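To start, the structure under review is shown below, and the notes come after it.
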Amino acid sequence: ELGLFERIILLFHSEHASDILWILSNALECLPEVVCLKFDGEFIEQLVNISHSCNYDIKKEIAYLLATLIIFSSDDM
């Protein structure tokens, strides 16, 4: 793993936020059993809170990431 997820999250609060969300969505589709473990309730709550005050592109990517998480997460998450 080498801390890649943590490094990607650091870039989330930059001008690359939309790209970071896209990367996370794609990683979630490819490796749901690994990536789902990284999304806890606090992270999801942060995404929802951010979506209240961000631009359309980021809102769209947040919505897509959350929808992808719902589709690919297991029932016991």
Side-chain angles (χ1 to χ4, degrees):
E1 182 178 310
L2 303 174
L4 180 61
F5 184 81
E6 289 75 17
R7 291 180 183 187
I8 289 173
I9 295 301
L10 288 175
L11 292 173
F12 180 70
H13 298 288
S14 71
E15 68 272 10
H16 304 292
S18 183
D19 297 324
I20 296 304
L21 290 163
W22 182 84
I23 289 168
L24 291 173
S25 296
N26 283 298
L28 183 57
E29 287 184 43
C30 295
L31 294 166
E33 62 281 346
V34 174
V35 180
C36 277
L37 298 173
K38 298 294 186 178
F39 297 123
D40 59 4
E42 183 180 329
F43 181 75
I44 295 168
E45 191 173 325
Q46 262 187 344
L47 289 177
V48 172
N49 290 335
I50 290 168
S51 72
H52 294 296
S53 61
C54 63
N55 67 41
Y56 174 76
D57 289 332
I58 295 174
K59 283 182 184 187
K60 180 177 70 173
E61 293 298 336
I62 288 173
Y64 188 82
L65 176 60
L66 292 176
T68 305
L69 182 60
I70 290 168
I71 292 168
F72 286 95
S73 65
S74 64
D75 293 335
D76 59 332
M77 183 177 170

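This one's a predicted model, so the numbers in the text were calculated from it and none came from an experiment.
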- prompt: Hey, mind stepping through I9 and F43 against side-chain contact (heavy atoms from CB on, under 4.5 Å) and telling me if it holds?
  reply: CA-CA 10 Å; I9 295 301; F43 181 75; 3.7 Å; yes
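Looking at every heavy atom in both residues, K59 comes nearest to H52 through NZ-O, 4.4 Å. Of all the heavy atoms in N55 and I58, the pair that sits closest is OD1-N, 3.0 Å.
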Just distance, no hydrogens or angles: give the donor-acceptor pairs under 3.5 Å from side chains in residues 17-37, sequence neighbours left out.
unit_1, atom_1, unit_2, atom_2, d
S25, OG, L21, O, 3.1
N26, ND2, W22, O, 2.9
E29, OE2, Y64, OH, 2.9

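Rounding to the nearest 0.5 Å places CD of E61 at 8.5 Å from CG of L65. Interatomic distance, CD1 of I62 versus SG of C54, reported as 4.5 Å (0.5 Å rounding).
Linking Ile, Leu, Val, Met, Phe, Trp and Tyr whenever their side-chain heavy atoms come within less than 4.5 Å leaves L47 and I70 in two separate clusters.
Contacts of S14 classified as side chain to side chain contact (heavy atoms under 4.5 Å, CB included), with partners at least two apart in sequence or in another chain: L11, H16. Partners of H13 according to the side chain to side chain contact (heavy atoms under 4.5 Å, CB included) rule, which considers only residues two or more places apart in sequence or in another chain, are I50.
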